[in-house]
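What follows is a single structure, written as structure tokens, with notes after it.
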Amino acid sequence: MSSFYDIMRKGLKGIERTRRARSTGRRIKLAAKLKSLTAFSFLQLIRRPVRLISHGGKVLKSINGKYFPSFFTIFVDTDISPEDYLKAENIPTIIHEYIHFIQDISTVYGLSNLSNTFSDIAYFYNITEKNISLPYYIKSESGAREINKDLFSVYFSETDYIRIPKENISVSINESPVSKIGIDNFDSLNYYTVHVKKDAYQNEFDFGACAIMEGMARIIERYLYIESDKKYWEIPYDLPEIVVKNLYPKYSESLQNIFALCDASLMYFHPGEVFIKMIYLMRENSFIPKTVNEVYSFVHQHLIITGIDFYTFWNKIVLDASNHITNVVNVSEYNFAKSWAIESLNYYYNLRRNNPAFLSEILTYPSTKAQIELINIFKNFTSPVIYNKKNEFAVIGNRVISADDQKKIFYWFNMSKFYIYVFKKSKSCPFESLCFEDCSFIKEPYKRNGSDYCLFQQYSRVFGLYKREIQCV
């Protein structure tokens, strides 16, 4: 069971440090207005006109929210004011997306994906080409980066939303080598699908980190606030429960145990494989945990990572992620954004290191106490940026942050926009809606020069774009 972990790690070794961009002392003109809130003492509001964006990579969605992996941003698809984010009728969405942030900042899968994303930025900064086309396609000499992209597509296994009836369906779990989907030279690596059939209807869903992360967020959201649909399964949110009911029905009697297995599976590169292999092993051993902590112990005791113990492995993942965060904040004006991200990483690392089941245990409390405990986790450290359809921004947390530092957390939001521009869509300036003046360089923003840096010029420094001749295709 352990041999594939060495394979997974290929291409992820080493850290490509960016050379530090020259600091000029100039600052961006940030379009932000600050407002103090009275409804909740631990909310801080930041208002700022922006255009909605979609992440170039995989976006984790709830029915009315999105979390942007690696870039620490939550979008809530609503017109409600940030003052009302934590009112009872709105908080389920915040809870759901905040769980995705915790997965992103505290699990091996989330941090590995972050390092993979940020290493693309470092790679781009250090390319020797002087003339490039955008969007830019990374093609490394060793092929390692292309392999990483293929591997993470397997680990993530994106699944679109659909509802299927619960009654009288047949389910089978399929394991297949990745060579079947065109990924060669990884003979021991498999991908997993869930085949569902009812009468003439049948469908097949990929099972991986996407379903596991969404399953976790939905379980805790439902436990605290929402009753589950009694007639329909919602895919991908219910896939973990469907899998467990099919493979080991007795284990599925406790949603908190399913949640804990999801969480523990995210502490490895290939969460879908870990989840399914562990269910088989639990069934074989007639294992039913007495506490949620026993789930984590079972998983870590039965998985061996070749040549390294689990905690050394995990610590290396955390260190890699911390270094990559440092690398992509390579202008001194935004040191607070770097500090906030690394402190967030360390905060959740310590929570998980001291108690691997710090999230799962919330499901063991009565609902009211569980809500309080979860909100306490959130407000003990400053949240990522949360914004709504009106482009009103907020951060949640008891920590006092200056107005200037609040604005600097937007570094991650702006990074996501520039990342999309460089690697996905390059038709016009990604910061067009932030300009307060008519600009003649909207279609070719890389041609603008001037001593007072605009947002595009600032992030050109971060990515090293200013050093090259650009052509958009």
Side-chain angles (χ1 to χ4, degrees), residues 58 60-63 67 95-97 99-100 102-104 107-110 154-164 166 169-175 190-196 203-224 226-230 232-283 287-289 292 294-296 298-299 303 356-357 359-360 362-364:
K58 304 301 184 185
L60 303 177
K61 300 180 181 180
S62 70
I63 294 173
Y67 175 69
I95 295 289
H96 186 109
E97 305 309 331
I99 293 297
H100 287 324
I102 294 175
Q103 293 162 340
D104 198 33
T107 69
V108 165
Y109 174 82
V154 172
Y155 305 155
F156 187 77
S157 292
E158 185 172 18
T159 300
D160 292 331
Y161 177 80
I162 189 173
R163 296 170 79 225
I164 59 175
K166 286 185 175 182
I169 63 170
S170 63
V171 177
S172 60
I173 313 301
N174 302 318
E175 176 182 342
N190 297 313
Y191 71 96
Y192 296 82
T193 56
V194 181
H195 188 270
V196 176
N203 209 336
E204 193 168 65
F205 307 104
D206 292 339
F207 186 78
C210 175
I212 288 171
M213 290 188 286
E214 293 292 5
M216 277 182 68
R218 181 53 62 88
I219 286 172
I220 203 166
E221 179 186 8
R222 282 175 175 166
Y223 180 75
L224 296 179
I226 302 172
E227 289 188 7
S228 60
D229 193 314
K230 292 179 171 58
Y232 292 93
W233 293 114
E234 292 184 279
I235 308 299
Y237 307 103
D238 294 321
L239 273 178
E241 186 177 354
I242 291 172
V243 168
V244 176
K245 281 184 178 293
N246 175 259
L247 296 181
Y248 192 11
K250 189 174 182 180
Y251 189 91
S252 71
E253 293 172 4
S254 168
L255 283 179
Q256 66 196 40
N257 290 341
I258 297 176
F259 183 96
L261 181 56
C262 287
D263 195 28
S265 298
L266 289 171
M267 296 306 291
Y268 298 88
F269 289 123
H270 196 350
E273 177 149 45
V274 172
F275 188 96
I276 289 173
K277 295 292 188 184
M278 288 299 104
I279 283 294
Y280 279 125
L281 198 57
M282 288 174 176
R283 184 182 66 186
F287 171 77
I288 296 294
V292 287
E294 290 182 3
V295 177
Y296 296 84
F298 184 96
V299 172
L303 276 175
L359 278 179
S360 300
I362 288 170
L363 297 170
T364 68

Intermediate values then yes/no, side-chain hydrogen bond (donor to acceptor under 3.5 Å, both in side chains), S360 and Y296: CA-CA 10 Å; S360 300; Y296 296 84; 2.5 Å; yes
Derivation of the side-chain contact (heavy atoms from CB on, under 4.5 Å) call for E175 and I276: CA-CA 10 Å; E175 176 182 342; I276 289 173; 5.9 Å; no
Step-by-step side-chain contact (heavy atoms from CB on, under 4.5 Å) determination, V243 to Y192: CA-CA 11 Å; V243 168; Y192 296 82; over 6 Å; no
F156 vs M213, side-chain contact (heavy atoms from CB on, under 4.5 Å): CA-CA, chis, key distance, verdict: CA-CA 9 Å; F156 187 77; M213 290 188 286; 3.8 Å; yes
Criterion side-chain contact (heavy atoms from CB on, under 4.5 Å) on N190 and E273, from CA distance to verdict: CA-CA 8 Å; N190 297 313; E273 177 149 45; 4.0 Å; yes
CA sep, side-chain torsions, deciding dist, call: D263, Q103, side-chain hydrogen bond (donor to acceptor under 3.5 Å, both in side chains): CA-CA 8 Å; D263 195 28; Q103 293 162 340; over 6 Å; no
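Side chain to side chain, Y268 and T107 fail the donor-acceptor criterion of an N or O pair below 3.5 Å. One side chain, H96 or E221, offers a donor N or O that lies under 3.5 Å from an acceptor on the other.
Side-chain contact between N246 and S172 is absent, with no heavy atoms from C-beta onward closer than 4.5 Å. Counting only heavy atoms from C-beta outward, the side chains of L363 and V292 never approach each other to under 4.5 Å. In this structure, F207 and P240 have side chains that are in contact, with non-hydrogen atoms separated by less than 4.5 Å. At least one side-chain heavy atom of L359 sits under 4.5 Å from a side-chain heavy atom of F259. Between H270 and F275 the shortest side-chain heavy-atom distance does not fall below 4.5 Å. Side-chain contact between L266 and M216: present, with at least one pair of heavy atoms (C-beta onward) separated by less than 4.5 Å. Y251 places a side-chain heavy atom less than 4.5 Å from the side chain of M282. Looking only at side-chain heavy atoms (C-beta outward), M278 and L303 come within less than 4.5 Å of each other.
Nearest heavy atom pair, residue A217 against residue H100, reads CB-CE1, 3.8 Å.
Under the 3.5 Å distance criterion, the side-chain polar atoms of E97 are matched with a main-chain donor or acceptor of Y67. The main-chain N or O of P236 is never found under 3.5 Å from a side-chain atom of T159 such that the two would form a donor-acceptor pair.
Scanning for salt bridge (Lys or Arg N to Asp or Glu O under 4.0 Å) contacts around D104 gives an empty result, with sequence neighbours left out. Every residue two or more places apart in sequence or in another chain that forms a side chain to side chain contact (heavy atoms under 4.5 Å, CB included) with N203 is listed here: I162, Y201, F205. For S254, the side chain to side chain contact (heavy atoms under 4.5 Å, CB included) partners at least two apart in sequence or on another chain are Q256, N257.
Within the model, atoms CD of E253 and NZ of K245 stand 8.0 Å from one another, a figure rounded to the nearest 0.5 Å. Atoms NZ and CD1, from K277 and I279 in turn, are 13.0 Å apart once rounded to the nearest 0.5 Å. Summarising the geometry, atom CD belonging to E234 is positioned 10.5 Å from atom CD1 belonging to I242; distances are rounded to the nearest 0.5 Å. Atom OH of Y109 sits about 14.0 Å away from atom CE of M267, to the nearest 0.5 Å. Between the CG atom in D238 and the CD1 atom in I219 there is a gap of 8.5 Å [rounded to 0.5 Å]. Within the model, atoms CG of L247 and CD1 of I173 stand 5.0 Å from one another, a figure rounded to the nearest 0.5 Å.
Outside the 6.0 Å centre-distance limit, the rings of Y248 and F287 are not counted as a close aromatic pair.
Of the charged side-chain nitrogens involved, none lies within less than 4.0 Å of a carboxylate oxygen, so that E241 and R222 do not count as a salt-bridged pair.
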